[in-house]
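Heads up: the structure comes next, in structure tokens.
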Number of protein chains: 2
Amino acid sequence: MDAKTLCLGVLSREPATGYDIRKAFQNGPFSHFCGAGFGSIYPALRKLSEDGLIEECPSSPDVRENKKIFSITPAGRKALCDELANPAPLGFEIMRSEFMFRVFFAHMMPQDRIQALFNERKALYHDKLDIIDNLLKKNSILPGEKFIAEMGKTLITAALQFLEKNTETLFALTSPEIGQQP
Amino acid sequence: MDAKTLCLGVLSREPATGYDIRKAFQNGPFSHFCGAGFGSIYPALRKLSEDGLIEECPSSPDVRENKKIFSITPAGRKALCDELANPAPLGFEIMRSEFMFRVFFAHMMPQDRIQALFNERKALYHDKLDIIDNLLKKNSILPGEKFIAEMGKTLITAALQFLEKNTETLFALTSPEIGQQP
DNA sequence: ATGCTAATGTATCATGTCGATATGATTTTT
DNA sequence: AAAAATCATATCGACATGATACATTAGCAT
């Protein structure tokens with residue numbers, strides 16, 4: 001699932017600029033299961049444009065110059081449908097967590113540093129929950145979108161609860177004084 | 001958190017070949033929260049070697065020729081500790097799921113295709129649970145490792161339960177006959 | 001024995017992605 | 001009116017990914 005398909009997916013909902021698309025990945029409805037940066041988005045938009053899957057909306061006086069609003073074309077919508085229905089085995093299901101990597105090596109870290117990690121991670125989970133809760137408040141939400149938002153909420157809530165329940169257990173098992181052990 | 005640090009982390013547990021490291025990311029104790037392919041691992045091992053953070057074990061007659069077993073050096077262990085204790089804000093916490101991306105657009109897909117997706121994803125979750133359960137059976141497991149394995153188990157179980165509980169809800173909300181809607 | 005398949009192992013390449021950065025316009029705050 | 005935040009496009013180097021190539025070893029069936 002490359003950046004082109006991701007952008008096409010975002011644009012299938014409503015016309016948007018490259019900037020808007022990035023927001024959809026950062027804070028928006030896609031933020032908890034996919035993403036892309038400018039370095040992927042702008043090249044993708046160029047290619048999609050060349051292939052006629054999206055097109056630039058005609059400039060209008062009330063829109064800032066050199067701001068490019070793209071909308072999906074019928075061909076683009078078909079391409080997205082085809083890609084979605086593609087029966088090839090599911091590709092990525094990737095969980096990458098620097099938090100987990102660090103906690104994995106808890107025995108090599110000073111305990112106050114682990115504590116800080118936990119607090120930081122809990123705060124981030126709360127932020128993500130807020131984003132999702134806002135999504136769920138919209139009444140225009142489609143079934144698939146709703147399902148995925150609720151799935152995200154469930155997973156993040158589970159992570160949060162796990163952290164809250166098991167923090168003390170971990171601390172009890174790691175000695176406070178151990179920091180560097182070369 | 002780059003490939004070098006990831007490899008260093010794996011090697012801090014026991015000496016390993018590039019191939020072993022990849023297995024640790026694919027099926028091993030790191031498989032549910034980080035990863036890297038050969039294209040990242042071998043260059044990382046070369047650089048770590050150049051920097052003296054790991055070293056190649058001397059060849060022995062009972063080990064196959066041109067098989068390179070690396071072990072972490074004291075300098076490498078120190079570098080890992082420093083990196084782990086680094087108080088810079090946590091970097092990645094990335095969830096990328098092609099499954100979620102597709103289900104998000106459930107209204108554009110034939111219902112039997114969604115059903116197939118669900119089954120495929122459930123099977124993968126079960127595989128991952130098996131891997132983690134095997135990790136938890138080892139009695140040499142360290143506290144951090146155990147914590148992360150149990151966190152992974154919790155998250156995957158939550159995902160699985162969510163899918164099982166809510167499949168029917170989603171199906172009820174998406175019309176069976178809708179496939180392509182251009 | 002012999003052939004066959006799967007697993008082990010190192011390595012590289014084209015392509016794509018990430019994070020940082022540059023640049024400037026517009027809006028909001030002070 | 002100045003300052004700060006946000007909006008918006010774009011590119012660059014460094015790195016990651018997935019595919020592929022190639023060779024060895026182990027198991028195992030015929």
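Atom set for the values below is all heavy atoms of this structure, side chains included, hydrogens, waters and symmetry mates excluded. In what follows, chains are A, B, ... by sequence order, proteins preceding strands, each numbered from 1.
In this structure, A:Arg46 reaches the D:dT11 phosphate: one of its side-chain N or O atoms is under 4.0 Å from OP1 or OP2. Here A:Ser40 does not reach the OP1 or OP2 of C:dG16: none of its side-chain N or O atoms lies under 4.0 Å away.
When hydrophobic clusters are built by joining Ile, Leu, Val, Met, Phe, Trp and Tyr residues whose side-chain heavy atoms come closer than 4.5 Å, directly or via intermediates, A:Ile131 is not grouped with A:Ile141.
The minimum heavy-atom distance between B:Ala36 and B:Ile41, with the atom names listed, is O-CD1, 3.7 Å.
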Under the ring-ring contact (aromatic ring centres under 6.0 Å, His included) rule, what do A:Phe104 and B:Phe147 come out as? Steps first, then yes or no, please.
CA-CA 7 Å; A:Phe104 189 95; B:Phe147 183 91; over 10 Å; no
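Put simply, CD1 on B:Ile41 is 15 Å from C1' on D:dA19, counting in whole angstrom units. Here D:dC22 presents its P atom at 17 Å from OH of B:Tyr42, a figure rounded to the nearest Å. The NZ atom of B:Lys67 sits 10 Å away from the P atom of D:dA26 (whole-angstrom rounding). For A:Lys47 and D:dT11, the NZ to C1' distance is 14 Å, given to the nearest whole Å. Distance B:Gln26 CD to C:dT8 P: 11 Å, rounded to the nearest Å. For the pair B:Lys23 NZ and C:dT10 C1', the interatomic distance rounds to 15 Å; values are reported in whole Å. When rounded to the nearest whole Å, the span between CZ of B:Phe38 and P of D:dG18 equals 13 Å. One atom, NZ of B:Lys68, and another, C1' of C:dA11, lie 9 Å apart when rounded to the nearest Å.
By the 30° and 60° cut-offs, the orientation of the rings of B:Phe30 relative to B:Phe25 is perpendicular.
Residues from residues 11-22 of chain A with heavy atoms under 4.0 angstrom of DNA chain C: there are none.
Using a 4.0 Å cut-off between charged nitrogen and carboxylate oxygen, B:Asp82 and B:Lys78 count as a salt-bridge pair. A salt bridge links B:Arg13 with B:Glu145: at least one charged nitrogen is closer than 4.0 Å to a carboxylate oxygen.
For an aromatic pair to be called close, the ring centres must be under 6.0 Å apart, and A:Phe118 with A:Phe99 satisfies this.
Nucleic acid contact class of A:Gly37 (heavy atoms, under 4.0 Å, all strands): sugar-phosphate only.
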